[in-house]
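What follows is a single structure, written as C-alpha cells, with notes after it.
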Protein chains: 2
Amino acid sequence: MIKQLEMLLALAKEQHFGRAAEKLGITQPSLSSGIKQLEEHLGVKLVQRGSRYGGLTPEGQRALVWARQIVGDSRRLRDEMRSVREGLSGHLRLAVIPTALTWAARLTTEFAQAHPNVSFTVLSRSSVEILELLENLDADAGLSYLDNEPLGRVNSAPLYREHFALVCRTDHPLAARDRVAWSDLGDTPLSLLTPDMQNRRILNRNFMEAGVAPQARVESGSTIVLVASVIDGGQATILPEDHARFLATGHGLSVVPIDETRGAPSVGLIAPFQDPQTPVLTALFRLAGRIATPESAVTT
Amino acid sequence: MIKQLEMLLALAKEQHFGRAAEKLGITQPSLSSGIKQLEEHLGVKLVQRGSRYGGLTPEGQRALVWARQIVGDSRRLRDEMRSVREGLSGHLRLAVIPTALTWAARLTTEFAQAHPNVSFTVLSRSSVEILELLENLDADAGLSYLDNEPLGRVNSAPLYREHFALVCRTDHPLAARDRVAWSDLGDTPLSLLTPDMQNRRILNRNFMEAGVAPQARVESGSTIVLVASVIDGGQATILPEDHARFLATGHGLSVVPIDETRGAPSVGLIAPFQDPQTPVLTALFRLAGRIATPESAVTT
DNA sequence: CAAAGCGATAGGAAAACCCGATGATAAAGC
DNA sequence: GCTTTATCATCGGGTTTTCCTATCGCTTTG
C-alpha cells in the first residue's frame, strides 16, 4: 500500500509514467499496474488516462495530500529508528535562501560536531521553492524568511535578522560613507538578486517606500555572482550585512550599512509541521534556539 | 508495510500474539513473521520476546506512535475516497459521556438526515476512556468535557454547557423548592455517577467548595440507573438539567435547578487532530457549530 | 504517412505470503 | 520433580502476488 502511494507521489511529480518508474527503480508496466491497484483499492480513478498522462483527477489531487502525509510519516519512522540504532544519524536535506548560506554552514557544522553521523545536503533555493521542496518531501528543513510571506504548515524557529548593507569597491562614490539611505541609491547601478527571490522583493519595497527605483544592471540567483560583478564591474550590490562582510573580506570592498526604515526581516529554521517530531529535527531546532541571535527572538 | 504496522497496533493492544492474530484474521505464525519483518525493515527490536509476549521495547513504543498516525491516515484516506464515490457515507464511531447521550442522539439524527448513507455507533464511556479510544483509532469522534481536564491533540467544537439540577420524587423534602444550593445537599442521600467519571469529579468539586460532602448511596456509570434508583428508592440524583428533564418526564419526578457557584462546564465534539481532515468529520463539525447553544460559544 | 513517444496488456519467472504442523521454552499444576 | 499447558518461533508446502520482458494500440510529430 505504501509502495503504491510512493508511486502516486512519483507520478505526480514526474507527470510521466516512464520517468516516474525510472525514479522508483521499477519498470513502467509495474508502475502502471501499481497505480491501477491503488485505484482499485480506493475505488476511485486517480489519474486521467488517455494514451498520455493527463494529470490527476480531483480525487487524485486529494489522495496526493494523504499520500504525502503517509509516505512522509513512514520515512520519518524509518529515520527515527535508524537514529535509535546508530545514534543521531542519517542525512538531512536543507533548502536555504542564498543570503542565509553562511548561517546554514554555521548550523550544519555545529550540528555535525555534536552528531558526527549526520550528514547534510544544502541547496540554495528561493523561499517559495523551499516551501515546495518541504511539501514534496524533497527537503527535510529549510532556512528562509519567517514573516513577510505566508508559510505553509511548518514549525519554525528564528535565527537572526537581516540588516542590509551596500557593497561596493573602495573607488565607488559611496564607498567612504558611514551610512547610506535607500533614497541615496536611486541612481546607483546595482547587481541584485532576481525578482523571484523574496530578498529582492523586500529590497524593492524598501526602495519604493523611499520613493526611488533600483537600477538593476545585473540580476542573479547567486550572491557570489553579485559580489563578483561588483569586483569586476565596479557596480554595487545590496546584501545582508553579515553575508556582505563574509563575501567582501579580502577583495578590497566597502560595506556600508543602510539606514533602516522598516523592521529587519527575520530569518529562521523551518520544517514541515509534524505531530511526532523526529529526534534529528528536534535536535536541530534545539541547536537553532541556541545559536540564534538575541535580536531574532524579539517579536516585532 | 502498512499491514505490518497494523499488526503492531493489534499486538500492542492485545498483548498476545494469538489473540492479536485472531483479531487480524490471520494465523499466529503470520503475525509472528510479520512483526519480525517489520523489525528487520526498521532495523530495531520492537517487541520484548521470551516465550511469552514481554511488552514493547522503548523503540517499539515510539514506533507505535508513528504506526497509529500512519495507519489512521491510511484508513482516513480510504474513507474519504469512499465518500467521494458514494457521497458522504460510511460509519462513524462516537464515544460519548453518559450525560451527553441525548445530545449525541440529536447530533446523529440531524446528521443522518442530511447524509442518509452515514451510520453511527454511539458508545457511552468516561471522558478518559474516550480519549483512549480516539488515540487507539477505536473511535472517530467523541462528546466530552472541553475544559477541566487536559485533552490530547484533538480538534474540538463546543456544543453546550452543563447546568446541574437535583432530580427527586415529588415526595422528597426538597421537591417543592424553586432552587437549591450545593450546601443544602450535604445530608441528602444521593445516587451519583461513579468517581472515575469526570461529571462526578465536577460534582465533588462543587460540593467541596460548598463545604459539604456528598452522601452517595448508589453509584453507577449509567444515568438511567441513577434515575431508576430515584424512582424506586426515593433518593435523589444530580444531573445536567437538560438530561434530567429528558429522563424525568413521565415519572412524576421533580427537577430542581442548583445555584451555580462556578462556570458551567462546557461539553463539545472532539476528534483526533488531523491535518487533512476527512469530509465526514468536517461536516460533523460544521453541524456541531450549527446546533450548538449560543451560550456554549462564550469563552469563560 | 511514416516514425516516435507513451501507456496498457500479456505471459511467465521469481518472490512473497500464508497456513498447518511442529519445535522450543517457560510457567503452572500435580 | 515431573508433567502439562500456554505461548511464541520455525519449517515446509502450496498459493497468491509481484515484477520483468515483450508487444500492442493509440496519439502526436515531422
In whole angstroms, how far is the [atom2] atom of [N] from the [atom1] atom of [X]?
| X | N | atom1 | atom2 | value |
| --- | --- | --- | --- | --- |
| B:Glu39 | D:dC8 | CD | P | 14 Å |
| B:Ile26 | C:dA16 | CD1 | P | 18 Å |
| B:Gln48 | D:dT7 | CD | C1' | 16 Å |
| B:Ile35 | D:dT10 | CD1 | P | 14 Å |
| A:Leu31 | D:dT18 | CG | C1' | 14 Å |
| B:Glu22 | C:dC18 | CD | P | 17 Å |

With a cut-off of less than 4.0 Å, is there a side-chain N or O of [X] near OP1 or OP2 of [N]?
| X | N | result |
| --- | --- | --- |
| B:Gln37 | C:dA16 | no |
| B:Lys3 | D:dT17 | no |
| A:Thr27 | D:dC20 | yes |

Quiz question: by atom type and distance under 3.5 Å, do the side chains of A:Ser229 and A:Ser191 form a donor-acceptor pair?
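On atom types as modelled, these side chains qualify, holding a pair under 3.5 Å.
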
Taking the side chain as every heavy atom from C-beta outward, state whether [X] and [Y] have any atom pair closer than 4.5 Å.
| X | Y | value |
| --- | --- | --- |
| B:Leu88 | B:Pro279 | yes |
| A:Gln277 | A:Phe285 | yes |
| A:Leu123 | A:Leu94 | no |

A:Gln4 near the nucleic acid: base, sugar-phosphate alone, or nothing, with a heavy-atom cut-off under 4.0 Å?
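Contact class for A:Gln4: none.
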
Taking everything shown except B:Glu22 itself, do over 12 heavy atoms lie less than 6.0 Å from its CD?
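Count not over threshold, so no.
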
Inspect the contact between A:Lys13 and A:Asp138 and indicate whether a charged nitrogen and a carboxylate oxygen are less than 4.0 angstrom apart.
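Salt bridge between A:Asp138 and A:Lys13, a charged N being under 4.0 Å from a carboxylate O: yes.
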
Heavy-atom contacts, protein to nucleotides 6-11 of chain C, under 4.0 Å, summarised as B (base), S (sugar-phosphate only) or - (none) per nt, yield SBBB--

